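To keep things clear, I will list the structure first and then write my remarks on it.
Just so you know, these numbers come straight off a predicted model, no measurement behind them. Numbers here simply count residues along the sequence, with the first being 1.
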Amino acid sequence: MTTTIRFVETPEDLERCHDVRYKVFSDEQGYDRSVEVDGLDSECLHWVAVDENGQGIGTARLYKYSPTVGKIGRVAVLSSTRGSGLGRQIMEALEKYVREQVPEMDTLRLSSQWPRRGFYEKLGYECQGDIYPDEGQPHILMEKKVVRK
């Protein structure tokens with residue numbers, strides 16, 4: 001399967017991101033659809049992974065939390081492509097963008113679902129603080145320093 005990961009620049013690509021998020025977070029995991037596309041979406045940078053047919057299969061977004069901290073969110077990969085390394089590839093594309101295009105950003109932060117923290121730990125993110133509920137599910141704050149070569 002041929003996959004392309006790209007920075008979102010069109011309304012069609014943003015709709016692909018939303019479609020993936022609805023399928024993963026609402027349909028599969030039971031989160032409320034009404035909160036999935038929030039007020040931050042328009043302020044975020046988004047990435048989408050598409051298959052050879054142009055269908056969205058993965059996504060992530062980045063919000064500038066402060067001048068030096070970026071908050072990653074809504075990382076999602078369709079169940080049919082999990083285990084293929086696509087989630088890692090999306091995160092690597094986002095991190096590469098930050099390293100090359102946002103020199104003032106030195107920390108990446110995210111809120112991981114507690115059972116999925118291992119995915120982020122393998123990418124170098126470290127747990128911060130205590131577990132807390134978000135939409136009724138246990139989450140943990142995680143951070144990673146941006147390393148520029």
As an exercise, state the distance from NE2 of His46 to SG of Cys17, rounded to the nearest 0.5 Å. 6.5 Å
Short side-chain to backbone donor-acceptor contact, [X] and [Y], under 3.5 Å:
X      : Y      : answer
Thr81  : Leu78  : yes
Glu52  : Thr2   : yes
Arg148 : Asp106 : no
Arg6   : Ala49  : no

Contacts under 3.5 angstrom, residues 128-140 side chains, donor-acceptor by atom type, not counting sequence neighbours:
| residue | atom | partner | partner atom | Å |
| --- | --- | --- | --- | --- |
| Gln128 | NE2 | Glu126 | O | 3.4 |
| Tyr132 | OH | Ser111 | OG | 2.4 |
| His139 | ND1 | Gln137 | O | 2.9 |

Would you call Arg16-Asp13 a salt bridge at under 4.0 Å N-O? yes
Non-hydrogen side-chain atoms of [X] and [Y] separated by less than 4.5 Å:
X      : Y      : answer
Leu110 : Met91  : yes
Thr107 : Val146 : no
Val77  : Ile90  : yes

Gln55: side-chain contact (heavy atoms from CB on, under 4.5 Å) partners, not counting sequence neighbours: Asp51, Asn53
Heavy-atom neighbours of Tyr31 OH exceed 12 at 6.0 Å: yes
Ignoring hydrogens and angles, write down the donor-acceptor pairs under 3.5 Å from the side chains of residues 57-64, residues two or more places apart or on other chains.
| residue | atom | partner | partner atom | Å |
| --- | --- | --- | --- | --- |
| Thr59 | OG1 | Trp47 | O | 2.8 |
| Arg61 | NH1 | Asp38 | OD1 | 3.0 |
| Arg61 | NH1 | Asp41 | OD1 | 2.6 |
| Arg61 | NH2 | Asp38 | OD2 | 3.0 |
| Lys64 | NZ | Glu104 | OE2 | 2.9 |

Partners passing salt bridge (Lys or Arg N to Asp or Glu O under 4.0 Å) against Arg117 (at least two apart in sequence or in another chain): none
Applying salt bridge (Lys or Arg N to Asp or Glu O under 4.0 Å), can you list everything that pairs with Arg116, at least two apart in sequence or on another chain? none
Name all pairs fulfilling the salt bridge (Lys or Arg N to Asp or Glu O under 4.0 Å) condition that reach into residues 76-103, sequence neighbours left out, sorted by first residue then second. Glu28-Arg82, Arg88-Glu92, Glu95-Lys144, Lys96-Glu100
